[in-house]
Peer 1: 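I am attaching a structure below and will ask some questions about it afterwards.
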Amino acid sequence: MNGTRLVLALATTAALLSAAPAAEAGSATAAGPAPRTLHAAPDGSGSTCSPGRPCSLDGARDAARTVHGRDVRVELADGVYSLRKSLELGAADSGRDGHTVTWTAAPGADPVLSGGRALTGWSENADGTWTAEAPADVTPRQLFVDGVRAVRASGDSCAASVCDATKTGMTGARATGIADWARPTDAEAVIRVRWRNYHCRIASVSGDIMTFAQPCWTNSASGTDRTGPAWDTTTVDSSRYTKVSYFENARELLDQPGEFVWDSAARTITYLPRRGENMRRARTVSPVTETLLTLDGAHDVRITGIGFAYSAYLQPSTDEGYAGTQAGLTLTGATGPTDHAGRHYTKPAAALTVRGGRQVVVDRVAFTHLGGAGVVFEQGTQDSTLTRSRFTDLSSGAAYIGDTEPMPAAELAGARNTVSYNTIRRTGVEYTDAVGIWAGYEAETVIDHNTLDDLPYSGISVGWGWNQPEARMSVLRDNRVTNNRITNVMRVAYDQHDGGAIYTQGAQPGTVISGNYINRSAYGNTERDGNGIYLDEQSSHITVTRNVLTRVGYKWVSNWADYGIDNHATDNWTDTAAPALTGTGSTMADNHTGLDRLPDEALHVAATAGAGGRGHVEQLRPDLTRAGTATQSSTDGAAAAAYATDGDTTTDTRTLAEPGAWWQVDLGDTHHVGQIEVWNNTSMTTADFDVQLATTADFSDATTVHVGGKALRPTLVDTDREARYVRIKLSGTGRVALAHVLIHP
């Protein structure tokens, strides 16, 4: 791959890096010597490191170590740097005596560090698939074809009634056809339970019974006593387990364009091309190398204008598998200490890892097409910055800041790190429990002006420890989550629940969540959860102020635990309401709730959030039900019809169970109705119903739209007709129960 530009695969990287300044830090001052500039190239060698005779990356690093008394710039020439192992920078590669070592793109260049290996020699099969042999040291878990991610061949879900998971294995091999597969032991079960995600390989099939690789299955099941409080209710063998989301990586499942299968015995990869792909000319790449750049104990180092692509995450393909715990961290090892505070969990592999760093700056870097995470700051990294970078198409999360030890030694405590002005889109593609930005036990961390969009689970997660005694007096404090734009998170299609656009854990005095714009978190949910700002478990001493939160699947702010104390929500804008904050000393005051239009001040806060300057804000739409009169066929207890028109998605109506039960609203006058939002109640009761629109009270001129299955939160019904009366009526016998009905002109 020497000298080759992965033009299609790395188009997004080139676009970002072309905007990076040629030189930012370390320029000469009047009082000091000019920086020493060293040059590296993909085919560089030797030790001269000049423009005409550039070095390799390792050679440039070694040359930089000999420079004293001035700043150092290592400029990377254009092209792809294919790495078989991580480029290691240690204490000896730091800036000294007030100087800085900068690794950067040469002027006009788009250098990319790549952990990928090209797969060649494709041959066509009779069924339209193509097959290639993998090199001896390549075990493809991800495949990218001309820069587009392929997916492992997968099947349908399998309900718990068929695929019954136990501590030792699972039934269903016959019903699913797995018992007859040629290579079932190459396949994995992918399971999602609430906030957790599991990927475990099938180890054996005997009759109808499947067993799975160890320790993956044991670590995914109950009884290890190594997971967090009450977490065994969300393991693969728990009462919350409902299905295998799908099995993947079997030749028998390869039936959709863009899918591939890895055969470990033949060491071949088989792919079904998408329309327009020519496998004789296509550039096919599989991630092989895990970490591309490691800074271990380095300080005063800048990484700027460099791309990172095709790094791998090898653990899930081993017997460890992926036993998700929360936020993209996993439980590993066959044994370990009993621990309920999450101390011993394993972060995903990342393209760039900083351990024990000081004054490290990662700026204007593009992370694309990764098999794991983007960046990890850990083991006491302090006073370091991740800024103005772009993360797109990552299997795991974008950034992991800090660790899971509540009271680390001073030199291992994460503090005063900043994550700002980054753009994060389509992360958690494979490991859907991963979050966009995660910060563990951190102090004075700033997460500011980032844009996060299209994530399967939570957007930003700060804190750790749940309600455990060892976590109640941790180093957590004075963190700031400010001015971020978080949209389209908690995506329903990925079936991950119990999270939020901004999620917190633990007592963290002085922490502030302010100025954030959150839109469409868990919007269209299949159950009543998914929050805007989620102060979970022992979250305490947190101020939530001047945030704009719209179209949230459940609560705009959630603070359910009575042991989460001294939290305060003030002066926020939202289109719904929420119960009062729970816990001693917690308050809600001066919040603007139940809005059907955002005022100018809220629009300004929302527009100025995020990485890209003034951004688009999805204004709320007028709701005609606010001036209407709601009634229903009967009322169960105090669940009155008006609860569906009170601007609050956390209060519910409910009829008795009866034939043709209904809820309706009289708008008071005839209006043109463009769309109706039907929000199911918290128990997701309402199903198989008609939405009727009429200008007469007897509905003699009604237009009817039928909705099969359960209503969502919300189900959207497009109408485009005149109406004064709108009725939601069951097709059969049962209850109508609603949290919210919005009628938009």
Peer 1: Using only heavy-atom distances, determine whether the side chains of Thr166 and Thr168 contain a donor-acceptor pair under 3.5 Å.
Peer 2: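 Indeed, the side chains of Thr166 and Thr168 share at least one donor-acceptor pair under 3.5 Å.
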Peer 1: Looking at Tyr457 versus His497, is the centre-to-centre ring distance below 6.0 Å?
Peer 2: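 Distance test on ring centres: not under 6.0 Å, no.
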Peer 1: Between the side chains of Gln505 and Tyr534, does any donor sit under 3.5 Å from an acceptor?
Peer 2: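 Checked: Gln505/Tyr534 side chains show no N/O donor-acceptor pair below 3.5 Å.
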Peer 1: For the residue pair Thr211 and Ser204, confirm or rule out a side-chain donor-acceptor distance under 3.5 Å.
Peer 2: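 There is such a pair (donor and acceptor under 3.5 Å, judged by atom type) between the side chains of Thr211 and Ser204.
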Peer 1: Do Arg141 and Ser395 have side-chain N/O donor and acceptor atoms under 3.5 Å apart?
Peer 2: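 Side chains of Arg141 and Ser395: no pair found under 3.5 Å.
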Peer 1: Any donor-acceptor pair under 3.5 Å linking the side-chain atoms of Arg226 with those of Asn219?
Peer 2: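 Present: a donor and an acceptor within the cut-off.
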Peer 1: Ignoring hydrogens and angles, state whether a donor on the side chain of Asp232 or Thr227 is under 3.5 Å from an acceptor on the partner side chain.
Peer 2: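 Looking only at side-chain atoms, Thr227 and Asp232 do form a donor-acceptor pair, the distance falling under 3.5 Å.
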Peer 1: Under a 3.5 Å threshold, yes or no: a donor from one side chain and an acceptor from the other, between Asn249 and Asp186?
Peer 2: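 No pair is found: no donor N or O on one side chain lies under 3.5 Å from an acceptor on the other.
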Peer 1: Is a side-chain donor-acceptor pair under 3.5 Å present for Thr332 with Thr346?
Peer 2: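 Yes - a donor-acceptor pair under 3.5 Å links their side chains.
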Peer 1: Tell me whether the guanidinium CZ or amine NZ of Arg149 lies under 6.0 angstrom from the six-membered ring centre of Phe144 and within 45° of its axis.
Peer 2: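 Cation-pi check for Arg149 and Phe144: fails.
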Peer 1: With respect to Thr330, which candidate in Gln315, His199, Lys347 satisfies the side chain to side chain donor-acceptor pair (under 3.5 Å) definition?
Peer 2: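 Single pass found, and it is Gln315.
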Peer 1: Would Glu290 and Lys85 pass as an ion pair if we require N to O under 4.0 Å?
Peer 2: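 Answer for the salt bridge query: no.
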Peer 1: Scan side-chain atoms only and decide if Tyr322 and Asp433 contain a donor-acceptor pair under the 3.5 Å cut-off.
Peer 2: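 Tyr322 vs Asp433: donor-acceptor pair found between side chains.
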Peer 1: Working note: Asp137 + Arg117, criterion salt bridge (Lys or Arg N to Asp or Glu O under 4.0 Å); need CA distance, chi angles, decisive distance, verdict.
Peer 2: CA-CA 10 Å; Asp137 57 344; Arg117 190 78 59 82; 2.9 Å; yes
Peer 1: Applying side-chain hydrogen bond (donor to acceptor under 3.5 Å, both in side chains), run through His541 and Gln508 and close with a yes or a no.
Peer 2: CA-CA 6 Å; His541 315 296; Gln508 37 187 306; over 6 Å; no
Peer 1: Report yes or no: do Arg343 and Tyr345 form a side-chain donor-acceptor pair below 3.5 Å?
Peer 2: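 No, Tyr345 and Arg343 have no side-chain donor paired with an acceptor closer than 3.5 Å.
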